[in-house]
Colleague: 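Below are the structure tokens for one structure; questions will follow.
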2 protein chains.
Amino acid sequence: MDGMSGRSGWTGRLGIAAGRSAPGAGGYRARMPAASSPSRRPHSGNRRDESARLAVLHAADDLLVEHGFGSLTVEAIARRAGVAKQTIYRWWPSKVEILLDTLIEDSDKRIPVPAEKPTAANIRRYLRGFARFVTRDPAGKVLLALIAEAQHDADTATSFHKRYLGPRRAREREMLTRAIEAGEVAPRLGADATMDALVGPIVYCALTGSSLPRGLVDTLVDDLLRPATD
Amino acid sequence: MDGMSGRSGWTGRLGIAAGRSAPGAGGYRARMPAASSPSRRPHSGNRRDESARLAVLHAADDLLVEHGFGSLTVEAIARRAGVAKQTIYRWWPSKVEILLDTLIEDSDKRIPVPAEKPTAANIRRYLRGFARFVTRDPAGKVLLALIAEAQHDADTATSFHKRYLGPRRAREREMLTRAIEAGEVAPRLGADATMDALVGPIVYCALTGSSLPRGLVDTLVDDLLRPATD
DNA sequence: GCATTGTCCAGACACTACGTCTCGTCTAAG
DNA sequence: CTTAGACGAGACGTAGTGTCTGGACAATGC
């Protein structure tokens with residue numbers, strides 16, 4: 001569709017993306033001139049094959065971005081990754097867990113929750129980054145897809161909360177609470193409710209496919225956080 | 001293509017729910033003493049069978065609430081409704097359109113957008129009703145499921161916007177715009193962005209399964225609408 | 001060094017739902 | 001009475017599910 005498995009500037013699964021295989025190719029184990037890369041081993045023996053793991057993660061991610069969750073199947077992931085279906089089922093109970101693995105990794109790197117200096121400016125910056133992640137970043141599609149799938153399947157909802165939403169919200173709560181204690185902000189609602197009020201509109205816009213209205217994030221921050229200094 | 005998939009006389013889940021068939025029962029054509037109800041006709045002949053249409057709508061709705069969208073299949077709907085699969089495919093292109101039919105009907109009845117008296121109080125009342133609908137009403141599950149499915153499937157997204165989100169947002173925009181012109185409210189954002197900011201948190205909480213924080217809706221209204229009179 | 005252990009690929013398997021199709025039945029319209 | 005169209009029933013090929021072989025392979029441990 002777009003040639004190179006999408007995401008141009010996308011460093012993808014981060015350090016790993018560089019060695020990504022092309023979409024059409026026969027999997028991660030690209031044949032090489034043999035002479036140039038003798039270090040390429042077909043098997044990793046007794047232990048889990050790291051390159052296979054990465055190939056699955058990347059394949060799932062790419063396929064989701066390219067064709068959507070609806071046509072994302074384990075068989076397609078296996079084909080794309082050049083991996084046996086059994087290899088996937090050995091390590092992941094479902095495709096949702098695969099996506100969860102990539103999402104956790106990606107969002108920890110792209111939109112970390114500020115842990116120091118709980119200033120109003122940092123919160124604003126965090127929300128802008130989050131908005132960008134969820135509306136423009138291909139990796140944001142994974143988040144939207146998982147929010148969606150959590151509506152359809154109870155197991156997904158459980159896992160999604162336990163592995164992603166819960167931990168992240170805990171960090172957000174801590175950030176906000178410390179900012180309140182520091183007198184940086186003074187929301188009328190509690191920390192959780194305030195986060196819902198801030199994040200909700202961003203996610204809602206992303207879910208409905210409408211582009212984020214200009215100034216939405218800033219107005220949200222200004223009106224709901226009522227910063228003492230602003 | 002929807003030909004006739006919309007229902008004109010459909011009184012919705014409301015009036016009909018009473019006479020609903022039991023879950024385990026063998027479909028809409030409940031056997032009756034025969035003598036008591038001679039008006040029950042097995043076929044409606046040349047024309048579309050209204051009772052079959054309603055049975056499908058109810059079956060889809062019930063199954064969604066009971067087992068979730070994930071295990072909602074056309075075959076299950078047909079079984080539950082006591083209807084042939086082909087009868088469903090004759091009138092609806094997909095299960096999504098069935099749900100869309102029920103959602104449009106239900107939300108028009110339960111949470112109509114106030115068309116008169118664009119007061120701040122009416123807007124607040126509308127949002128409270130919407131929040132209740134989406135968090136407590138079984139019919140609200142249909143809305144959440146369709147928002148979710150729109151992430152997975154492009155056709156669903158298109159149809160969902162065209163048939164539900166678009167028209168409703170138009171009415172909401174009109175409500176807000178008139179309230180602004182009347183000096184009832186004075187949001188810092190435009191009408192659409194303001195609606196996103198108000199509705200977003202409610203939907204987000206519903207999607208994440210967290211109960212609506214106390215006072216969220218009121219605080220949203222107070223802080224974002226900045227009513228001239230409040 | 002050699003058997004053990006566990007991963008990997010390949011593909012078969014029964015199962016389920018899909019959406020299409022054909023059949024025969026039935027009823028209201030003409 | 002004829003006929004058109006909806007309906008129930010169910011067969012059909014396709015596709016993905018998750019499980020379960022088999023055989024090849026490499027790291028580990030004795």
Colleague: Taking atom C1' of C:dC8 as reference, at what distance in whole Å does atom CD of A:E50 sit?
Modeller: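 Whole-Å distance recorded here is 15 Å.
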
Colleague: Taking the side chain as every heavy atom from C-beta outward, state whether A:R173 and A:L176 have any pair of such atoms under 4.5 Å apart.
Modeller: no

Colleague: Output the rounded distance in Å from CZ (A:R79) to P (C:dG11).
Modeller: 13 Å

Colleague: Exactly one of B:R53, B:R48, B:R47 should register a side-chain hydrogen bond (donor to acceptor under 3.5 Å, both in side chains) with B:E50. Which one does?
Modeller: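 So the option named by the test is B:R53.
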
Colleague: Any donor and acceptor pair, going by atom type alone, linking the side chain of B:S71 with main-chain N or O of B:H67 inside 3.5 Å?
Modeller: yes

Colleague: Check the angle between the aromatic planes of A:F130 and A:Y126 and answer parallel, tilted or perpendicular using the 30° and 60° thresholds.
Modeller: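 Geometry flag for A:Y126 against A:F130: tilted rings.
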
Colleague: So does B:K141 pair up with B:D61, basic N to acidic O under 4.0 Å?
Modeller: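 No.
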
Colleague: Name the pairs: protein N/O against N/O of nucleotides 19-23 of chain D, kept only if under 3.5 Å.
Modeller:
from	atom 1	to	atom 2	distance (Å)
D:dC20	N4	A:Q86	OE1	2.9

Colleague: Please tell me if A:R47 has a side-chain N or O lying less than 4.0 Å from either OP1 or OP2 of D:dA26.
Modeller: no

Colleague: Grab the CD1-P distance between B:I88 and C:dC21 for me, whole Å please.
Modeller: 18 Å

Colleague: Closest-nucleotide mapping onto DNA chain D: is B:N46 or B:T87 further toward the 5' terminus? I mean the 5' end.
Modeller: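 The answer here is B:N46.
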
Colleague: Rounded to whole angstroms, how far apart are CG on A:D153 and C1' on D:dT17?
Modeller: 14 Å

Colleague: Write down the distance between CD1 (A:I98) and C1' (D:dG18), rounded to a whole number of angstrom.
Modeller: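 Whole-Å distance recorded here is 13 Å.
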
Colleague: From D:dG8, D:dG18, C:dA17, pick the nucleotide closest to the side chain of B:T73?
Modeller: C:dA17

Colleague: Mind calculating the distance between CH2 (A:W92) and P (D:dT17) to the nearest angstrom?
Modeller: 15 Å

Colleague: Within the structure shown, what part of the strands sits under 4.0 Å from A:W91 by heavy-atom distance: base, sugar-phosphate, or nothing?
Modeller: sugar-phosphate

Colleague: Mind calculating the distance between CZ (A:R53) and P (C:dG6) to the nearest angstrom?
Modeller: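 These atoms are roughly 21 Å apart.
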
Colleague: Can you spot which of B:R132, B:K109, B:R110 makes a salt bridge (charged side-chain N to carboxylate O under 4.0 Å, His left out) with B:D137?
Modeller: B:R110

Colleague: Take the protein atom CD of A:E75 and the nucleotide atom P of C:dC9, then report the distance between them rounded to whole Å.
Modeller: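 Computing the A:E75:CD to C:dC9:P distance gives 15 Å.
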
Colleague: By nearest atom, which of the nucleotides C:dA10, D:dC7, C:dC8 is closest to the A:A84 side chain?
Modeller: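 Comparing C:dA10, D:dC7, C:dC8 against the side chain of A:A84, the answer is C:dA10.
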
Colleague: Scan the side chains in residues 195-204 of chain A for donor-acceptor partners under 3.5 Å anywhere in the protein, sequence neighbours excluded, and list what turns up.
Modeller:
from	atom 1	to	atom 2	distance (Å)
A:D196	OD1	A:R169	NH1	3.2
A:D196	OD1	A:R169	NH2	2.9

